[in-house]
Amino acid sequence: LGDVYKRQAAIEQQSSKTKEVLKSLQAVSHLGNYQKWITDNKSFLADLKWNNPLSYDSFMKEFASIKSQLKSKGVLQ
């Protein structure tokens, strides 16, 4: 039963981190910032993809939406 609680806590922590990561993506103001964001979050995203594929899929939908917004603002091409 202890493992169940540990796993739940890990999922909740990932969820909080996912929101934080998406919020930081929204704040990107130029291509260099975007590239740094990718570098800074690469290992988190790999962990999320491996450990929680459903959350990763949801994250990628949000990521695509935010990336599209950044493109429409001229931040990315």
Side-chain angles (χ1 to χ4, degrees):
L1 194 60
D3 287 342
V4 172
Y5 290 121
K6 286 179 187 174
R7 181 151 174 78
Q8 183 62 33
I11 289 170
E12 288 172 10
Q13 184 179 2
Q14 260 183 350
S15 176
S16 174
K17 174 73 173 170
T18 300
K19 290 176 188 172
E20 180 185 313
V21 166
L22 286 169
K23 188 174 182 180
S24 70
L25 177 60
Q26 289 176 320
V28 164
S29 59
H30 57 83
L31 180 60
N33 270 137
Y34 177 76
Q35 291 169 334
K36 182 176 182 338
W37 182 93
I38 294 289
T39 300
D40 290 349
N41 294 293
K42 194 173 225 169
S43 67
F44 168 73
L45 296 176
D47 288 345
L48 186 64
K49 184 176 184 178
W50 178 258
N51 294 318
N52 196 338
L54 292 176
S55 289
Y56 180 78
D57 287 347
S58 176
F59 174 89
M60 290 309 294
K61 288 176 186 169
E62 282 291 319
F63 173 85
S65 173
I66 294 169
K67 189 174 178 183
S68 176
Q69 292 170 18
L70 292 174
K71 284 181 178 180
S72 70
K73 290 179 186 176
V75 174
L76 302 177
Q77 296 186 13

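In what follows, every heavy atom counts, from backbone to side chain, and hydrogens, waters and symmetry copies are set aside.
For Val75 against His30, the heavy-atom pair with the smallest separation is CG1-N, 3.5 Å. Nearest approach of Val28 to Leu70, heavy atoms of both residues: O-CD2, 3.7 Å. Here the closest non-hydrogen pair linking Ser55 and Leu48 is CB-CD1, 3.9 Å. Across every non-hydrogen atom of Gln77 and Lys71, the tightest pair is O-CE, 3.7 Å. In plain terms, the two heavy atoms of Ser24 and Val21 that are nearest each other are OG-O, 2.8 Å.
Here the NZ atom belonging to Lys19 is positioned 11.0 Å from the CD atom belonging to Glu62, to the nearest 0.5 angstrom. Once rounded to the nearest 0.5 Å, the distance linking OH of Tyr56 with CG of Asn51 reads 13.0 Å. The line from CG of Asp40 to CG of Leu25 is 12.0 Å long, rounded to the nearest 0.5 Å. For the atom pair CG (Leu22) and NZ (Lys17), the distance works out to 11.0 Å, reported to the nearest 0.5 Å. With values rounded to the nearest 0.5 angstrom, Gln26 atom CD is found 6.5 Å from Gln69 atom CD.
Ring geometry for Trp37 against Phe63 counts as parallel: the plane angle stays under 30°, on a 0 to 90° scale with 60° as the upper cut.
Between the side chain of Thr39 and the main chain of Gln35, a donor-acceptor pair closer than 3.5 Å is present.
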